[in-house]
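Here the structure comes first, spelled out in structure tokens, and everything after it is commentary.
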Protein chains: 2
Amino acid sequence: MSNTPFSALHLEPVSTVDRVAEELRRSLFEGELAPGTALREMALAEALGVSRSTVREALGILVAEGIAVRVPNKGTQVRRLDAEQVRDVCRARTVIETAGVRGWDEAGEQARDDVRRALAAYSELRGSDCTTAEFTAAHLEIHRAFAGLTGSARLVAAVEGLHSEVRLALAEVDRARGNAAEQVHSHSHLLDLMEDGRLDEAAEELTAHLAEAEESMIEEVGRRSR
Amino acid sequence: MSNTPFSALHLEPVSTVDRVAEELRRSLFEGELAPGTALREMALAEALGVSRSTVREALGILVAEGIAVRVPNKGTQVRRLDAEQVRDVCRARTVIETAGVRGWDEAGEQARDDVRRALAAYSELRGSDCTTAEFTAAHLEIHRAFAGLTGSARLVAAVEGLHSEVRLALAEVDRARGNAAEQVHSHSHLLDLMEDGRLDEAAEELTAHLAEAEESMIEEVGRRSR
DNA sequence: AACTGTCGGATTGTCGGACAATCCCAGTGT
DNA sequence: ACACTGGGATTGTCCGACAATCCGACAGTT
């Protein structure tokens, strides 16, 4: 392992395509672009001041992430989630995240600390003014940390993809914020259980938590489709 | 649910990009392109008789699937797996596939039958002449069916992505074929356990099976890097 | 000899334009 | 009410171009 004094340095490359993709994500999660909206390549290119090729590549990324769908010769549009798909997402989340929770003991100290940090950041965020999207992001960061307990970068990546879809379904929903205090308490309780080594109880609690989230998401997509 | 007499019909659209991506996959899994090989856009475009744009988009797909990596301004190359990454892949597989096995009872009859069918196809394939890649594909199909038991299409997709990396690591390995009889027996035993409702034992067995696979994969990538 | 600066070739990232294939829709005819 | 037809819009793919960046070689400095 190379142990130069610059090991911690890292420069992330940001291409135009990346910026376009990021801007689209932001717009989607913020709810500016409703599910089902057609993402025309030309229109986006002109709006963003880039070429069609660039937009096209960025759209490819969104499709790969699952937050947009591309129908051949028809175009790309913001993914539309029905109840069945929401169930699918939540089932997948439950599998991965509970695996993480159950692996608390074997997880590295680093991973465990990620959970604590994410929870702390989330509870501090409450009250301060921030976008709904930002609030959701902080919440999902906790669940990302749960996945991190598995010690598998690929499972973390998978969960991140699932979270993208969650954010899509929750875009512009304020109700998540309404019971913020309750949410913080719930997660904090979850962490306590893990710290106490009561992992099965924690997994059960997490499953219930996700089921609850699933319910409100289904309710939300139902409201939207009406 | 629309129940027309044509419900089973489905025409998959195959674009040039798709064909290029598929051809690259085939070549990778067949071991013609070793890990670390640089995938130059121009060279590929000329070799395949398509434009650079098309190749570029296809490469983007491979990158999204995780079987190639793109370094900005440097290019795309076949993913190189070290021991740590193989461990990561196998950990992820274990989490998802054991979840499927444990969910045998709740899984639909359809999903359970997929497992039986995949196993049957695998055992029939043994002995007949076929590519190593085809053999591996049939084997992984069983594991895909395990993931299918979770009832989540997204987990299945995740496992398929993982399997792509597995095939990358196993490219051109004949040893998987050597103990084919043993492999078939192992999976068949696994299915018996599930049919008997001894799910915990099955999950344990699967975990051991995957650990074994992990070991031989690590051995393989070690041999290659030497 | 080790380090630094410079140059040229190769490759990528992004752009603009082009054109056929395909799709959607409205209008027409029966 | 249904089938046909034509036009406009959009995508899929191609081509050519150029700046930015990277890599290796080579030369210069201490």
Side-chain angles (χ1 to χ4, degrees), chain A residues 2 4-6 9-25 27-28 33-80, chain B residues 2 4 6 9-25 27 33-80:
Chain A
S2 71
T4 78
F6 310 123
L9 265 51
H10 177 60
L11 198 56
E12 58 180 299
V14 53
S15 66
T16 305
V17 171
D18 287 337
R19 274 178 299 151
V20 170
E22 184 53 39
E23 171 64 5
L24 288 176
R25 269 190 287 260
S27 188
L28 292 187
L33 268 49
T37 305
L39 301 172
R40 299 274 152 61
E41 299 176 354
M42 266 303 186
L44 286 175
E46 287 168 9
L48 297 174
V50 298
S51 83
R52 186 158 81 97
S53 326
T54 304
V55 168
R56 197 175 160 74
E57 197 171 331
L59 288 179
I61 293 178
L62 297 193
V63 170
E65 287 176 355
I67 56 185
V69 290
R70 164 174 284 161
V71 185
N73 286 315
K74 262 203 60 181
T76 309
Q77 59 182 70
V78 184
R79 179 158 207 164
R80 197 175 248 142
Chain B
S2 72
T4 79
F6 311 123
L9 265 51
H10 177 61
L11 197 56
E12 56 182 298
V14 54
S15 65
T16 305
V17 171
D18 287 337
R19 274 178 299 150
V20 170
E22 185 53 39
E23 171 64 6
L24 288 175
R25 269 189 287 260
S27 187
L33 269 49
T37 305
L39 302 171
R40 299 275 154 61
E41 300 177 353
M42 267 300 186
L44 286 174
E46 287 168 10
L48 297 173
V50 299
S51 83
R52 188 158 79 97
S53 327
T54 303
V55 169
R56 197 177 159 73
E57 197 170 331
L59 288 179
I61 293 179
L62 297 193
V63 170
E65 287 176 356
I67 57 186
V69 290
R70 165 173 284 163
V71 184
N73 287 315
K74 259 204 61 179
T76 309
Q77 59 181 65
V78 184
R79 179 158 208 165
R80 197 176 248 143

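Each chain gets a letter, A, B and so on, in the order the sequences are listed, and its residues count up from 1. These numbers come from a predicted model, not from an experiment. Only heavy atoms go into these numbers, but all of them, side chains included; no hydrogens, no water, no symmetry mates.
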Query raised in the report: Which heavy atom in B:Ser27 sits nearest to a heavy atom in B:Leu33, and how many Å separate them?
Result: OG-CD1, 3.2 Å
Query raised in the report: For B:Ser15, which contact category applies under a 4.0 Å heavy-atom criterion: base, sugar-phosphate, or nothing?
Result: sugar-phosphate
Query raised in the report: Could you give the CD-to-P distance, from B:Glu46 to D:dC14, as a whole number of Å?
Result: 13 Å
Query raised in the report: Want to settle it: does B:Val71 or A:Pro72 sit nearer the 5' end of DNA chain C, counting the closest nucleotide to each?
Result: B:Val71
Query raised in the report: Between atom CG in B:Asn73 and atom P in D:dC18, what is the gap in whole Å?
Result: 19 Å
Query raised in the report: B:Leu48 CG to D:dT13 C1': how many Å, rounded?
Result: 14 Å
Query raised in the report: Which part of the nucleic acid does A:Thr16 contact within heavy-atom distance under 4.0 Å: base, sugar-phosphate only, or nothing?
Result: sugar-phosphate
Report summary line: Footprint ends on DNA chain C, 5' to 3', for atoms under 4.0 angstrom from a heavy atom of chain A, come out as C:dT14 to C:dC24
Query - Interatomic distance where CD belongs to B:Glu41 and C1' belongs to D:dC15 [whole Å] - result: 15 Å
Query raised in the report: For atom CZ of B:Arg80, is the number of surrounding heavy atoms from other residues, nucleotides or ligands below 6.0 Å larger than 12?
Result: no
Query raised in the report: Below 4.0 angstrom, N of the basic side chain to O of the carboxylate: do A:Arg19 and A:Glu22 qualify?
Result: no
Query raised in the report: What nucleic acid atoms does B:Arg52 come within less than 4.0 Å of, heavy atoms only: base, sugar-phosphate, or nothing?
Result: base
Requested in this report: Determine the contact category for B:Glu57: base if any of its heavy atoms lies under 4.0 Å from a base atom, sugar-phosphate if only primed atoms, P, OP1 or OP2 are that close, otherwise nothing.
Outcome: nothing
Report summary line: Partner of B:Val63 under side-chain contact (heavy atoms from CB on, under 4.5 Å), picked from B:Thr76, B:Val69, B:Leu39, is B:Thr76
Query - Exercise: identify the closest heavy-atom pair between B:Ala58 and B:Val20 - result: CB-CG1, 3.5 Å
Requested in this report: Could you check A:Ser53 against A:Arg56 for side chain to side chain donor-acceptor pair (under 3.5 Å), going step by step and ending with a plain yes or no?
Outcome: CA-CA 5 Å; A:Ser53 326; A:Arg56 197 175 160 74; over 6 Å; no
